[in-house]
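We name chains A, B, ... by the order of the sequence lines, and we start the count at 1 in each one. Since we're looking at a predicted model, the values are computed, not measured.
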Amino acid sequence: MNIDLLAQPAEEVAPKLLGSVLTCQTPEGTVRIAVTETEAYSGTDDPASHAYRGRTARNAVMFGPAGHLYVYRSHGLHWCANVVTGTDGTASAVLIRAGRVIEGEDLARGRRGDRVETPRLARGPGNFCQALGVTAEHNGADLLRGTSVVLSEGEPVPAALIQAGPRVGVSKAHDWHHRFYLAGDPTVSAYRLSPRAKPSARA
DNA sequence: AAAAAGATCCTCT
DNA sequence: GAGGATCTTTTTG
């Protein structure tokens with residue numbers, strides 16, 4: 001993966017990450033997942049971003065150089081992974097929301113549970129991380145030069161399949177169309193308006 | 001120190 | 001498709 005591609009604003013990088021591949025190697029084995037859904041989050045200008053109110057211990061990685069992995073805990077027990085974008089010193093990242101398992105399906109299924117249907121193995125940010133094997137210990141990992149988690153280019157996706165829409169689960173700025181996904185792909189998570197989204201916003 | 005909110009997930013109707 | 005569980009991080013008094 002080219003570093004210059006990632007060193008751009010998150011909303012420009014997000015659609016370009018569709019089709020790219022994340023690989024995670026653990027003692028258990030290797031899992032590779034092709035990305036089918038992303039969401040862009042920027043910094044102080046984005047009310048829904050973790051970095052909106054400045055730097056904290058949790059979001060520090062977002063302020064660093066592009067090409068690193070930002071992992072955070074959501075709702076107590078789920079891990080969510082972002083690819084850090086932009087320039088060093090500014091905060092922006094792309095949340096990886098869903099993907100299709102292309103290697104290590106048995107291992108991914110073992111982590112997710114035997115009753116999970118194949119398209120759902122990496123459907124949703126928390127499920128994506130669980131299937132891939134990403135946890136807090138991967139926070140800050142170098143995706144371009146590291147060995148545990150690697151971001152690489154996959155097969156190009158037709159531009160006609162790329163669609164944009166409102167972000168999932170956010171209560172602020174949910175009318176920003178910063179979510180990108182492959183049209184008709186069964187691994188893409190369903191859109192759901194946040195229960196706390198303000199009615200004044202426009203879609 | 002205490003309270004609220006949250007970039008979610010699973011189950012059931 | 002809708003409803004509720006769950007506990008960490010952040011924010012506020």
Starting at atom CD of A:Glu117, determine the distance to atom P of B:dT11, rounded to an integer number of angstrom. 11 Å
Any side-chain N or O of A:Arg115 below 4.0 angstrom from OP1/OP2 of B:dT11? yes
Rounded distance (Å) that lies between atom C1' of B:dT8 and atom NE2 of A:His50: 12 Å
Is A:Arg109 reaching over with its side chain to a backbone N or O of A:Leu121, donor-acceptor style, under 3.5 angstrom? no
With the side chain counted from C-beta on, respond yes when A:Leu6 and A:Leu17 share a heavy-atom pair under 4.5 Å apart, and no when they do not. yes
Distance between P atoms of C:dT12 and B:dA7 (Å, rounded): 15 Å
Measuring from the side chain of A:Asn127 (C-beta onward, heavy atoms only), which nucleotide among B:dA7, C:dT11, B:dC9 has the closest atom? B:dC9
Side-chain N,O (A:Arg97) to OP1/OP2 (B:dT8) below 4.0 Å: yes
In residues 71-95 of chain A, which residues come under 4.0 Å of DNA chain B by heavy atom? A:Tyr72, A:Ser74, A:His75, A:Gly76, A:His78, A:Asn82, A:Leu95
Does any non-hydrogen side-chain atom of A:Ile96 lie less than 4.5 Å from one of A:Thr38? yes
Mate of C:dA5 where both pairing distances stay under 3.5 Å, Watson-Crick or G-U: B:dT8
Is it true that A:Glu37 and A:Ser189 share a donor-acceptor pair across their side chains at a distance under 3.5 Å? yes
Spacing of A:Met62 atom CE relative to C:dT10 atom C1', expressed in whole Å: 15 Å
A:Arg55 side chain to A:Met62 main-chain N or O, any donor-acceptor pair under 3.5 Å? no
Quickly work out the A:Tyr52 OH to C:dT10 P distance and round it to whole Å. 17 Å
Nearest whole angstrom, please: distance from the P of C:dG1 to the CG of A:Leu193. 14 Å
For a quick check of understanding: with a heavy-atom distance under 4.0 Å over all strands, which category does A:Ser189 fall into, base, sugar-phosphate or nothing? nothing
A:Arg192 CZ to B:dG6 P, straight-line distance once rounded to whole Å: 14 Å
Roughly, in whole Å, what's the span from CZ in A:Arg123 to P in B:dC9? 10 Å
Within-4.5 Å side-chain heavy-atom neighbours: A:His177 and A:Pro166: yes
Rounded interatomic separation in angstrom, taking CG from A:Asp175 and C1' from B:dA7: 15 Å
Any heavy-atom pair between the side chains of A:Tyr70 and A:Arg58 that's under 4.5 Å? yes
Quick one: is A:Arg112 getting a side-chain N or O under 4.0 Å of the B:dC10 phosphate, OP1 or OP2? yes
OP1 or OP2 of B:dA7 less than 4.0 angstrom from a side-chain nitrogen or oxygen of A:Asn59, does that happen here? no
Check this one for me: any side-chain N or O of A:Ser171 less than 4.0 Å away from OP1 or OP2 of B:dG6? yes
Taking any heavy-atom pair under 4.0 Å as a contact, classify A:Arg167: base, sugar-phosphate, or nothing. nothing
I'd like to know if the side chain of A:Thr36 and the backbone of A:Leu182 have a donor-acceptor N/O pair within less than 3.5 Å. no
